[in-house]
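Structure record follows, encoded as structure tokens.
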Amino acid sequence: MSTNDPSAPAFPMARCPFSPPPEYAKLRDEAPVSQVTMPDGGKAWLFTRHADVKAVLSDNRFSTDSSKPGFPILSPVRKAQLQSETPKAFIRLDPPDHTKFRRMLTKDFMVSHIEAMRPKIERIVNELLDRMEAKGPPCNFYEDVALALPTVIISDILGVPYEDRVFFQERSKDRLNYAGDPAASVKATQELREFIGKLYDEKLKDLGNRDDLISRLISSQVLPGHMTRAEAIANIDLLLLAGHETTSNQISLGVLSLLLHPDQKEALVKDSSLVKSVVEESLRFHTILHFQGVRVAVEDVEVGGHLIRKGEGVLALLNAANRDPSVFSSPDEFNIHRDGIRQHVAFGFGVHQCLGQPLARVELQTIFTALFQRFPSLSLAVPVEKLEFNQGAAVYGVKSLPLTWTPKTPKPKRFFSVDVSKCVGGGQCVVAAPKIFSQSEDDGLVQILDDNPPPSEYEAIREAARLCPVLCIHVDK
Amino acid sequence: MTQIEGITLEEGTLIVGTGQAGFQLAGFLRDEGYAARIRIVGDEVDLPYQRPPLSKAYINGECDAAQLTFQSRDWYGKRNIELVLGTRIHRIDREHQYAEAVGGARFSYSRLVFASGARNRHLPSVDSSLSAVINLRTLADASAIRDKLMDVRDVVVIGGGFLGLEFAAVAAARGIRVTVVEALTTLMGGRAVSAQVSDVVRRYHESLGVSFLFGTSIRTLHELHGGRLDMATHDGHRLQADLALVSVGVIANEELAHQAGLKTNAGIVVDEFLSTSEPTIAAIGDCVLLKSRFSSDDFCRIESVQNAVDQARCLAKTLTGQPTAYDAVPWFWSDQGGLKLQIAGISAGTDTTVIRGNPTERRMSAYCFRSGRLIAVESVARPGDHMIARRLLSAGTHVTPAHVKDESLDLKSLLAPRAPKPDAQPTDETLRSSRLIASGVDNPERV
């Protein structure tokens, strides 16, 4: 194949709802490194093998700097968007500049830091699910939960007012719609950066009293002169965008896959330790950043036995790599029990691997665990064929996800219940209601002698509940 | 020594303090058939309520104030117990046997019982009038904290005792950044918790994201523009936070007793029947200083629910003609997030500690010995150890470090066979053991 093959197929190719374009599999078999024609007529090399994609992404001779000649341009919107993003966020920089800026942001997203946030994330998930339950079926799960969760969290980390969410959510969508209007994308980018600029200036005035990522970035990086205001805004802009738009789509698609595979959903409900596998398989299977892995060679490089010349664009596509049958057997099946489940590159690979992946993982784990426990009867409220997907967007996902469930019928009421895990063996209940409570000989913890007491004991049980120093006896009202 | 052989005197019993000890005493007196007037007077305005959940479930919004109330107003009416809230006693006239409230109201008594509790200690370096400086003792304190926790990002906890750590666990679980400043080198040193248990607790809190500064204290604290606090420690750390909790122990409310000429010494001194130096006046609960066979010191003051309840139960018997010496094993618990600490005995004075279980799994007990004698057992997630420890200590069973080191030995086997349950004609010995059992071991009968 020559380096400028007029018969090179057009890119992007049409994808299926749950799979990359079928051409990728064919190319992987027949011509794993092959040329495609970009919408602007330029050429780029498409990599479809897992090993090749990793090789490209971990090789610094491939640049992510979109201003370098030869960088493949996915669409007119993408072109406009890349040009309007000045200065560039660290994702579009190569080492050593990339390294410098990324390091300034690493700490907040480290595993230990995110793990400490887990209880908070669980609390927020429970609150969102409480609201969903209270509103009753059906719901638009994408908007009510999937988008709300990462938006609350990233707003909290950055210190962006949650009240402004509609503003930045809408603009993020316009910006990432590669199939839309270039002017709208540019306008959205500008408005977002202005919005963050204002926020930046407000925080600057009141630095001592705030502890959010933006304020810390200002005090520890901008004021000492390691970073300019514009650079800080560019990177905050990226974190805000990447922090909500990606995870929300990943949540929706993961939930959808579990609903379409009830046996795997049941396995998760029975054994919540499977949630890590559910998350990894959802990441692999959907690979929502289905256009990521675009680079340009800055030197001649050989990859997979193929010479890429300086100035040639490459598409080391994550979603092609994640369906490589030499790494993932039956790659087009969603299977949380598969071997090598963590081999996927859904978060990218190499120095640009996702900064926020520990956060995304905890968010996904938390919602997948809680959702199906809370709503065992959860199901799609529309036929799956009716769902609409963001075909041309940078971040793949479902436009809305209507779900329904059977509201719980209240259980037959017991007069009282006891949370033994809280008991400290004070014995107050035994004194108050000796016919109902006793204490274990071995550990002093409460034992229930009669869980269906006659009404004559009700007053004694109420007294026991009031006297218990850890409030572990609950009397139903 | 006491002249209270079941004689019903017209003026009845006046209980000063509406905390748990006072509330329980009133109920137990009625249970024992006490027929005279019972009045409980205190300066708090809320119906008597549970304090332990304030620093745990309540500030975290897991229960509401109504659930903390021991009994409804109706109950006091039905049991003929008069509750006088919002009233501070400021003077006792022993000669004429009345207590006088601020404003002049007089409450005459035949028996006066101090159940006046304790109050939080303040730090001279900390201006407790600042709205960001918080104290946690009363329901009102806890309600204010519960609201403030809604939008704080970081807190400093001054003092790493039970209260401070319970608060820290709640705050950290809500994603609030917590720094605990502790003057000693271990946690809960006020309770003489062993270094090993302190270590387990510290590591647990660190896993929640709590940071610690040990061996130092707050040198200065001032308010920044906007209400945030800026603090400096004696060893040169600077801290800023939205809130600071001062949890550096308590002071017994003994002033009233002292002014009345009763013997006090950082606590109201009582004998084994809980009587003060004046036979018509007794004291129970946190405010009491007494000799205990469970303490290494001559006198001790015990702040716990167990102590309040067991002393109330004991005094109710004495006041109804069944003189009963107080001899219950002290025990404590602390719920810090997901970690449950239970302590039997008083470990101050420990010279040897033997560990059972696995500290890295946060499932262990520290057996504390002094001069070869078991004085306390501190358990994390080992309620069985705790319960047996209460029985071993109560019975004064000889337990050696070698016994404890041998993990195959069931320490329960060291106990003498159980005394039979008290029958209709209790001997002194069974009466004594049933009373101990009623402090929470296993006797389902009302005693």
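Atoms considered below: every heavy atom in the structure, side chains included; atoms not considered: hydrogens, waters and symmetry mates. What you are looking at is a predicted structure, and each value in this text was computed from that prediction instead of being measured. We name chains A, B, ... by the order of the sequence lines, and we start the count at 1 in each one.
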Under 4.5 Å from a heavy atom of chain B, the part of A/C429 involved: neither

Would B/R146 count as a cation-pi partner of B/Y58, with NZ or CZ less than 6.0 Å from the six-membered ring centre and within 45° of the ring normal? yes

Most heavy-atom pairs under 4.5 angstrom with chain A, which of B/D230, B/V309, B/T69, B/V305? B/V309

Looking only at heavy atoms and a cut-off of under 4.5 Å, which of B/Q71, B/Q24, B/Q240, B/R177 has the most pairs with chain A? B/Q71

Under 4.5 Å from any heavy atom of chain A, what part of B/L224 do you find: side chain, backbone, both or neither? side chain

Taking NZ, NE, NH1 and NH2 as the nitrogens, is one of them in A/R466 or A/E463 under 4.0 Å from a carboxylate oxygen of the other? no

Contact origin within A/L467 toward chain B - heavy atom pairs under 4.5 Å: both

Would B/R73 and B/Y76 count as a cation-pi pair here, with the cationic atom under 6.0 angstrom from the ring centre and within 45° of the axis? no

For A/D206, which atoms come within 4.5 Å of any heavy atom of chain B: side chain, backbone, both, or neither? neither

If only atom types and distance count, is the side chain of B/N307 paired as donor or acceptor with the main-chain N or O of B/D310 below 3.5 Å? no

Between B/K340, B/K412, B/Q20, B/R382, which residue shows the highest count of heavy-atom pairs closer than 4.5 Å to chain A? B/K340

Please look at B/R153 and chain A and tell me whether the side chain, the backbone, both or neither of the residue comes under 4.5 angstrom of a heavy atom of that chain. side chain

Against chain B, label A/Q428 side chain, backbone, both or neither, depending on which of its atoms sit under 4.5 Å from a heavy atom there. side chain

Given a strict heavy-atom distance threshold of 4.5 Å, which part of B/Y49 is in contact with chain A: side chain, backbone, both, or neither? neither

At a heavy-atom separation under 4.5 Å, does A/S421 approach chain B through its side chain, its backbone, both, or neither? backbone

Is any NZ, NE, NH1 or NH2 atom of the basic residue among A/D156 and A/K120 found under 4.0 Å from an Asp or Glu carboxylate oxygen of the other? yes

Pairing donors with acceptors under 3.5 angstrom, does anything connect the side chains of A/T151 and A/Q169? yes

Regarding A/E457 and A/R462, does a basic nitrogen lie under 4.0 Å from an acidic carboxylate oxygen? no

Taking B/D154 for its side chain and B/D242 for its backbone only, find out whether a donor-acceptor pair lies under 3.5 Å. yes

